[in-house]
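Below, chain A is the first sequence line, B the second, and so on; all start at residue 1. As the structure is a prediction and not an experimental result, all values here were calculated from the model. Reckoned from all heavy atoms, side chains included, excluding hydrogens, waters and symmetry mates.
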Number of protein chains: 2
Amino acid sequence: MESDIKKTAALFKALGDENRIRILHLLSGGEKCACKLLEALSVTQPTLSHHMKILCDSGIVKGRKEGKWMHYSISQEGVDSARRYLDAMTAVNAAKEEKPCCE
Amino acid sequence: MESDIKKTAALFKALGDENRIRILHLLSGGEKCACKLLEALSVTQPTLSHHMKILCDSGIVKGRKEGKWMHYSISQEGVDSARRYLDAMTAVNAAKEEKPCCE
DNA sequence: ATGACGCATTGACATCCTTCTATGTGATGT
DNA sequence: ACATCACATAGAAGGATGTCAATGCGTCAT
């Protein structure tokens with residue numbers, strides 16, 4: 001439960017950077033290798049590598065090694081768990097509704 | 001388009017902190033005043049105020065002032081726009097699929 | 001008016017994050 | 001074996017972020 005919060009925070013933290021959002025936009029067009037991402041992003045190669053590690057660790061992106069190339073794609077499970085969290089948040093549970101405290 | 005990225009990043013950045021996630025969990029039970037959030041969170045009052053500002057600025061929470069009390073609740077529109085972004089990311093558009101670059 | 005209360009703002013400090021250059025590692029080709 | 005290529009890792013620098021104590025600002029009651 002408490003570790004759930006940690007994982008959720010890591011997931012959304014991963015989504016909270018402009019360059020990583022651009023990367024995800026690119027990946028929404030399908031699996032891409034690192035070199036293609038690199039030429040689309042105006043960052044250096046180590047910076048891209050750093051962002052890809054964060055995205056993979058958070059679970060929203062998965063990597064596939066093929067020879068010396070690295071192919072990245074969006075992980076459906078990662079997106080699903082993010083969506084599941086948003087749903088849980090949205091579900092303003094009327095049953096849980098409590099009396100206002102201050103009036 | 002570019003400002004969309006900024007707004008999206010701000011929204012997910014707001015979701016990427018453990019205490020703010022706890023706040024949203026509390027708010028999923030319905031509107032709450034700041035004092036209730038405060039006693040549930042083991043942070044000081046200025047820290048809570050700071051987090052509430054970030055959540056409100058990102059659009060995922062809205063505040064309602066009533067006398068000297070501040071009531072916070074989850075903004076459906078904010079959650080929707082977050083969900084919309086996740087959907088856009090998920091939609092692995094087969095039409096946009098391109099030839100792999102490196103093989 | 002004055003004091004108490006609820007919350008916001010300021011300023012300081014420590015930590016984390018993003019980015020870079022430099023270097024390491026593993027696979028491919030000659 | 002050696003050079004080259006694609007990517008990862010290490011280390012450093014600067015900026016952003018989370019937290020607190022102190023203070024400010026409305027609002028309410030007396």
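For the atom pair CG of B:Leu15 and OG1 of A:Thr8, the computed distance is 10.0 Å after rounding to the nearest 0.5 Å.
Taking atom NE2 on B:His50 and atom P on D:dG18, their separation rounds to 6 Å, with Å as the unit. The nearest whole Å value for the distance from the CZ atom in B:Arg64 to the P atom in C:dC7 is 12 Å. The interatomic distance linking B:Glu18 (CD) with D:dT19 (C1') rounds to 14 Å, in whole Å. In this structure, CG of B:Leu41 is placed 14 Å from P of D:dG18, rounded to the nearest angstrom. Here D:dT19 presents its P atom at 17 Å from NZ of B:Lys53, a figure rounded to the nearest Å. Spacing between atom CG of B:Leu48 and atom C1' of D:dA21 amounts to 16 Å, rounded to whole angstrom units. In this structure, the CG atom of B:Asp57 is 13 Å from the P atom of D:dG18, given to the nearest Å. Taking atom CZ on B:Arg22 and atom C1' on D:dG18, their separation rounds to 13 Å, with Å as the unit.
Phosphate contact (OP1/OP2 of D:dT19, side-chain N/O of B:His51, threshold under 4.0 Å): present.
For residues 45-55 of chain A, the set of pairs meeting the salt bridge (charged side-chain N to carboxylate O under 4.0 Å, His left out) definition, not counting sequence neighbours, comprises A:Lys53-A:Asp57.
Looking only at distances, no side-chain donor or acceptor of A:Ser49 sits under 3.5 Å from a matching main-chain atom of A:Pro46.
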Between the protein and nucleotides 20-26 of chain C, which nitrogen or oxygen pairs are less than 3.5 angstrom apart?
residue, atom, partner, partner atom, Å
C:dC20, OP2, A:Thr44, N, 3.1
C:dC20, OP2, A:Thr44, OG1, 3.0
C:dC20, OP2, A:Thr47, OG1, 2.7

### Task
Go through A:Arg20 and A:Glu18 one step at a time and tell me if the salt bridge (Lys or Arg N to Asp or Glu O under 4.0 Å) criterion holds.
CA-CA 5 Å; A:Arg20 289 197 287 270; A:Glu18 298 186 29; over 6 Å; no

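Using the six-membered ring where Trp is involved, A:Phe12 and B:Phe12 have ring planes that are parallel, under 30° apart on the 30 and 60° scheme.
Not a single ring pair (Phe, Tyr, Trp, His ring centres under 6.0 Å) links A:Tyr72 to another residue, sequence neighbours left out.
When heavy atoms are screened at a 4.0 angstrom cut-off, A:Leu37 is found touching no nucleic acid atom at all.
A single hydrophobic cluster is seen to contain both A:Val79 and B:Ile5, as judged by linkage of ILVMFWY side chains at heavy-atom distances under 4.5 Å, directly or through other members.
Residue A:Trp69 has its side chain nearest to D:dA6 when only D:dG18, C:dC7, D:dA6 are considered. Checking D:dG18, D:dA8, C:dT18 against the side-chain heavy atoms of A:Tyr72 singles out D:dA8 as nearest.
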